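I have placed the structure first, in the form of structure tokens, so that the comments after it can refer back to it.
Small disclaimer: the values here were computed from a predicted structure and weren't measured. Here is the naming used below: chain letters follow the sequence lines, and residue numbers restart at 1 for every chain.
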Protein chains: 2
Amino acid sequence: MSEQRRARLRLEISREAARLFWEQGVAATSGDQIAAAVGLSTRTIWRHFRSKESCAEPVIMQGVVTLVTLMRSWPRHRSLDDHLATELTRISHEPPPVDNLLAMKMIRLADTEPALRTVWLMAYDQVEREMCVIIGDRLERPAGDLEGRMYAAAAAAVVRVLDAHIGAAVLTGADLTPFTDMTAVARRIAHAIRTATGGVVGAPIA
Amino acid sequence: MSEQRRARLRLEISREAARLFWEQGVAATSGDQIAAAVGLSTRTIWRHFRSKESCAEPVIMQGVVTLVTLMRSWPRHRSLDDHLATELTRISHEPPPVDNLLAMKMIRLADTEPALRTVWLMAYDQVEREMCVIIGDRLERPAGDLEGRMYAAAAAAVVRVLDAHIGAAVLTGADLTPFTDMTAVARRIAHAIRTATGGVVGAPIA
DNA sequence: CGATATCTTGTCACTAAGTGACGCCAGCAT
DNA sequence: ATGCTGGCGTCACTTAGTGACAAGATATCG
């Protein structure tokens, strides 16, 4: 099975699962229900996900995949600030992915459902690994270097907090004007990452 | 049931569970086995833990509880570096807690067992909350402040990476001399936290 | 186009994680 | 002594998750 096809199927299952989790709660949603909603047998669900709750993972991941992609395409000669600003404004013209709202809802649920919180943390564990590669590559340090891992962990952590913050703001219907200016958002993210990495990750490389 | 008594019972269960997880693997260890090992009924195990894997949490927590305690007792007028150095050297004269090795083994298992990794991440999620209080208090910022939460998240993240690093070194039988000098260890931890918080958390407050 | 090999899914039986309900008893106050 | 409370054991039960095998889809090669 091609990697792409598998990822798409996982995402499709994840969408239905997340919808059900949000509508009726995690405990009240059974594996059978998820399977029925997506039109597969229950057995197939367990072939693609280790547990009921982890069905939410692809949707949660989708919420940060654009940022990770942007980080990956960050050219060495630019500052993170500038790169994120241009890319985010460019992307903001396109319609936002439909999964974003669903992802925020999952984060919200993770506040009260421990099982979902573990999934959320595991998703950012993946982000941390990605960051490890990106930062390690940028700093030209050996893979698995302790410094690089700390930078990556700190960067992933602040992005997670920012993500939770924005998600909470959107869902509670709070004032969203701080997040409409993509240049400002880019500056906040870049500043957070730069601060969390002691100023090491952010500047252009000569 | 007093909070203390409950915590002690949870720790007792956790020790047996961790031992079994290490000796025979997580999948091969049943709830019944854990219950038998600690001399309780299986039902009682589920009264104290949400899941089989989360039985490992108190032991994992025990591995960082000393550091969190030290952070909590950090006086405002001292630098984190100095405080940790004196306290760690003082403590290093006492015998190290017996659970430390067990905790390292759980972290090691978390590398290959996803279910245990979630528990590990959840434990550090708790550490992050603690850090939130400590840092928020020290910076005299309102509780739940976004900046404070980011500092706490970054600090908890780097401590987690350091912890994993040291644990791996101990278990693989690597050279442990870098970790014998408590002053040096304190400096590394304090430096990591200071770096991850952009230099904000670490200095004495006038 | 056809035959075969591979890969994914469905079905069914089964294990074990986790819950609800109820009764027991140790501790404690009256 | 009596009544209450809170933790524990027992047992029945639900359901998440797995193993094994058959069947259908799909790709590959002639």
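Salt-bridge check for Arg76(A) with Asp137(A): passed, with a basic side-chain N closer than 4.0 Å to an acidic carboxylate O. Under 4.0 Å is where a charged nitrogen must lie from a carboxylate oxygen, and between Arg117(B) and Glu53(B) no such pair does. Residues Asp145(B) and Arg149(B) are not paired through a salt bridge, judged by the lack of any N-O separation under 4.0 Å between the basic side chain and the carboxylate.
The distance between atom CD of Glu3(B) and atom C1' of dG6(D), rounded to the nearest whole Å, is 15 Å. Following rounding to the nearest Å, Leu40(B) (CG) and dG18(C) (C1') show an atom-to-atom distance of 17 Å. The separation between Ile45(B) atom CD1 and dG9(D) atom P is 9 Å, rounded to whole Å. Atom CG of Leu9(B) and atom C1' of dG7(D) are 10 Å apart (whole Å). Put simply, CH2 on Trp46(B) is 18 Å from P on dT15(D), counting in whole angstrom units. Distance CZ (Arg43(A)) to P (dG19(D)): 8 Å, rounded to an integer number of Å. With rounding to whole Å, Arg10(B) atom CZ is found 16 Å from dG7(D) atom C1'. In this structure, the CD1 atom of Ile13(B) is 12 Å from the C1' atom of dG7(D), given to the nearest Å.
Ser51(B) comes within 4.0 angstrom of the backbone, heavy atoms only, and of no base.
Judged by atom type and distance alone, Arg47(A) reaches the base of dG10(C) through a side-chain donor-acceptor pair under 3.5 Å.
Residues Thr29(A) and Ser41(B) each lie close to DNA chain D; by heavy-atom proximity, the contact nearer the 5' end of the strand is made by Ser41(B).
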**Request:** Please test Glu147(A) against Tyr151(A) for side-chain hydrogen bond (donor to acceptor under 3.5 Å, both in side chains), starting from the C-alpha separation and ending with a verdict.
**Result:** CA-CA 6 Å; Glu147(A) 289 277 313; Tyr151(A) 293 149; 3.2 Å; yes
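Between His48(A) and dT8(C), a side-chain N or O to OP1/OP2 separation shorter than 4.0 Å is absent.
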